[in-house]
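All remarks here apply to the structure that follows.
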Amino acid sequence: MVGVQLNAIKPGSMFEQIGIKNGDVIKELNGIKIDSPEQSAKILLEFVDAKSFTVVVDRNPQGPQTITFTPD
């Protein structure tokens, strides 16, 4: 699998607040394609440090969707 699949989104978490759902596969974060285990580790660091970001998720059956988060 290419990407990081999320399966345990907690209610009220940042992931839920920005619209990521259980089963979504994160394919790209801020232009960084997730295509290796090393990239999977890097994505976690990006999420921790990011003030705003754009993430591409593969959501079956709808397919790829882009989510942009910018805090108020």
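Each of Gln65, Lys33, Glu28 was scored for a side chain to side chain contact (heavy atoms under 4.5 Å, CB included) with Val56, with one residue passing: Glu28.
Judged as a side-chain contact (heavy atoms from CB on, under 4.5 Å), and not counting sequence neighbours, the contacts of Lys21 are Asp24, Arg59. In this structure, the side chain to side chain donor-acceptor pair (under 3.5 Å) partners of Ser36, at least two apart in sequence or on a different chain, are Glu38.
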- request: Decide side-chain contact (heavy atoms from CB on, under 4.5 Å) for Ile26 and Leu6; before the verdict, give the C-alpha distance in whole Å, the side-chain angles of both, and the deciding distance to 0.1 Å.
  value: CA-CA 8 Å; Ile26 298 175; Leu6 301 175; 3.5 Å; yes

task: Take Val57 and Ile67 through the side-chain contact (heavy atoms from CB on, under 4.5 Å) test and state the conclusion after the steps.
output: CA-CA 8 Å; Val57 298; Ile67 299 170; 4.1 Å; yes

task: Evaluate the criterion side-chain contact (heavy atoms from CB on, under 4.5 Å) for residue pair Gln62 and Asn60; output intermediate values, then yes/no.
output: CA-CA 5 Å; Gln62 294 96 347; Asn60 288 325; 5.9 Å; no

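A donor-acceptor distance shorter than 3.5 angstrom exists from the side chain of Asn30 to the backbone of Thr54, with no hydrogens or angles considered.
Note that NZ of Lys27 is 10.0 Å distant from CD1 of Ile34, once rounded to the nearest 0.5 Å.
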Indicate every side-chain donor-acceptor pair of residues 8-20 with a distance under 3.5 Å to a residue at least two apart or in another chain.
from  : atom 1 : to    : atom 2 : distance (Å)
Ser13 : OG     : Lys10 : O      : 2.8
Ser13 : OG     : Glu16 : N      : 3.3
Glu16 : OE1    : Gly12 : N      : 2.5
Gln17 : NE2    : Gly12 : O      : 2.6

